[in-house]
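So that the names make sense, note that chain A is the first sequence line, chain B the second, and so on, each numbered from 1. From a predicted model like this one, the values you see are computed outputs, not experimental measurements.
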There are 2 protein chains.
Amino acid sequence: MTSQVNTEQRILNAARKVFTQKGMAAARMQEVAEEAGINKALLHYYFKDKQHLFEGVFKESAQRQFGCIWDSLKQCDCLFPAIEAFVTAYLDRMIEEPMLPLFIANELNRDAKGLADFVDRGKESRARFLHMVEEARKNGEIIDIDPRELLVNIMALCAHPFIAQPMLKHIHGISDEAFRRMIQKRRKSVPEFIIRSIRA
Amino acid sequence: MTSQVNTEQRILNAARKVFTQKGMAAARMQEVAEEAGINKALLHYYFKDKQHLFEGVFKESAQRQFGCIWDSLKQCDCLFPAIEAFVTAYLDRMIEEPMLPLFIANELNRDAKGLADFVDRGKESRARFLHMVEEARKNGEIIDIDPRELLVNIMALCAHPFIAQPMLKHIHGISDEAFRRMIQKRRKSVPEFIIRSIRA
DNA sequence: GTCTATATGTAGATAGAC
DNA sequence: GTCTATCTACATATAGAC
């Protein structure tokens, strides 16, 4: 009863680090324990088994993170500012946790069970966004484009640099620091890129 | 000496299927064997261990596939047709092997050793493409944009739908067949999207 | 709550017959 | 070349002392 809250949080942080780096299958409970400064047995005291630990991480990390991103749309009424807000929110979050997009893509692919909860988290915001696109199209502000396709394109431009990070670093021969600068530039350039392509 | 060539190829095909679906860590030799219609021992007869089998798949599948994509640029002298050729080649290849982008992103992230060979495969074509962008910019055909950033955007728009496939299917509630139709549409819409955003 | 020690399961790899 | 049977290693998970 002394520090169980801290310990649980330390475990979650450690597990998040190891899971996102190695993925569920390659992650080792031993490594999580070491990272958290405890031993394996204690992991099982706090989390029944690996699957439960994984779900704890997934809920805490992925769900909360992406919730904030979708929430960034709530204050926006116009489409173009909404796109800017969404992109910057996305990139700012991901720069804190660069392995998250790949991790999530992987685990959603591996096991669709946790998908429903996770995806539904931003449901209303997503619907609102699609509706804004539809309106902008009717008003003649943007060209004729499928709203869902636009959303796919936006998420692609945000997420892919993180997913392809090792390839990019090697191709362009850049360091971690240079990668961060590139992402910083994209906070401006990606919204510009998108808006140029849809503006009527 | 009877059918060893066929068997080796059957193993590679089976391994490619299992590895791309499950990823290296979660893939099971047992499952590869069953998929190939043989037993585990025979896998080790043809491929010393799991790592060697993996490298066989990676070389055959990933390297050859992406080679063709980069080669699609070779016949093009102008930027816009080059973009169209690259995007259609990319999507046409990936529709045959939808799990490949996620698989490659994963394994490059997990183990950077195989990266050098793989990435260098399209080196000249990539350099040529970047040069074409540079020229188009000087000629005032396109806006002022970092060629490498443009390339990142193009690859993002091509690869990401496949990487986020499970999420997209759930969000939009679409089937495998509808997903394929969406990709078909993107063969036209993605080049348009890109060209609209960079045309001067 | 935290530890050491151990049990259990499973996957990769080998030996050896055919 | 292909199989059956087995060995070895290791990761998850549990038992039980403190």
Side-chain angles (χ1 to χ4, degrees), chain A residues 1-61 99 103 106-107 109-111 113-114, chain B residues 1-61 99 103 106-107 109-111 113-114:
Chain A
M1 189 64 166
T2 51
S3 61
Q4 68 277 47
V5 176
N6 281 326
T7 302
E8 182 168 357
Q9 197 55 50
R10 283 223 314 283
I11 292 174
L12 281 172
N13 289 338
R16 179 166 38 107
K17 185 171 173 181
V18 175
F19 280 142
T20 51
Q21 267 174 18
K22 304 282 175 77
M24 170 68 167
R28 296 290 158 246
M29 295 294 267
Q30 177 64 35
E31 199 176 344
V32 175
E34 284 168 10
E35 184 72 33
I38 57 170
N39 62 40
K40 284 185 295 177
L42 204 55
L43 288 183
H44 293 282
Y45 175 80
Y46 282 96
F47 298 90
K48 175 170 149 42
D49 55 26
K50 195 181 181 182
Q51 184 61 30
H52 282 74
L53 177 55
F54 170 79
E55 282 165 16
V57 172
F58 191 77
K59 280 204 173 66
E60 207 227 25
S61 190
M99 291 290 105
F103 171 71
N106 258 315
E107 302 310 331
N109 183 55
R110 192 184 56 82
D111 164 26
K113 286 203 303 289
Chain B
M1 190 63 166
T2 52
S3 62
Q4 68 275 50
V5 176
N6 281 328
T7 303
E8 182 167 357
Q9 197 55 50
R10 282 223 316 281
I11 292 174
L12 281 173
N13 289 339
R16 181 166 38 105
K17 184 170 174 182
V18 175
F19 280 143
T20 51
Q21 266 174 18
K22 302 282 175 77
M24 169 68 167
R28 296 288 160 247
M29 296 294 269
Q30 177 64 36
E31 199 176 345
V32 175
E34 284 167 10
E35 183 73 32
I38 57 170
N39 60 41
K40 282 188 295 176
L42 204 54
L43 288 183
H44 289 95
Y45 175 80
Y46 282 96
F47 298 90
K48 175 170 146 40
D49 55 26
K50 194 180 180 183
Q51 183 62 29
H52 282 72
L53 177 55
F54 171 77
E55 282 165 17
V57 173
F58 190 77
K59 281 204 172 66
E60 207 225 25
S61 186
M99 291 289 105
F103 171 71
N106 258 315
E107 301 311 331
N109 183 56
R110 194 183 55 82
D111 166 25
K113 286 204 301 289

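Qualifying side chain to side chain donor-acceptor pair (under 3.5 Å) partners for B:Asn39, counting only residues two or more places apart in sequence or in other chains: none. Annotation: ring-ring contact (aromatic ring centres under 6.0 Å, His included) contacts of B:Phe47 (sequence neighbours excluded): none. Take B:Met24 and apply the side chain to side chain contact (heavy atoms under 4.5 Å, CB included) test, not counting sequence neighbours, and it matches B:Phe19, B:Lys50, B:Gln51, B:Phe54, B:Glu107, B:Arg110. Annotation: side chain to side chain contact (heavy atoms under 4.5 Å, CB included) contacts of A:Ala25 (sequence neighbours excluded): B:Ala25, B:Ala26.
Spacing between atom CG of B:Leu53 and atom C1' of C:dA13 amounts to 13 Å, rounded to whole angstrom units. Following rounding to the nearest Å, A:Leu42 (CG) and C:dT4 (C1') show an atom-to-atom distance of 13 Å.
Heavy atoms of B:Ile38 sit under 4.0 angstrom from primed sugar atoms or phosphate atoms, though from no base atom.
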Item checked: Protein-to-nucleotide contact annotation, 5' to 3' order, nucleotides 4-18 of chain D [B base; S sugar-phosphate only; - none; under 4.0 Å, heavy atom] -> B------SBBBB---

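In this model, the phosphate group of D:dC3 is not approached by any side-chain N or O of B:Tyr45 to a distance below 4.0 Å at OP1 or OP2. Here A:Thr7 does not reach the OP1 or OP2 of C:dG1: none of its side-chain N or O atoms lies under 4.0 Å away.
Here CG of A:Leu53 is found 7.5 Å from CD1 of A:Ile11. Values are rounded to the nearest 0.5 Å.
The stretch residues 14-26 of chain B participates, sequence neighbours left out, in these side-chain hydrogen bond (donor to acceptor under 3.5 Å, both in side chains) pairs: B:Asn13-B:Arg16, B:Arg16-B:Glu97, B:Lys17-B:Glu35, B:Lys22-B:Glu31.
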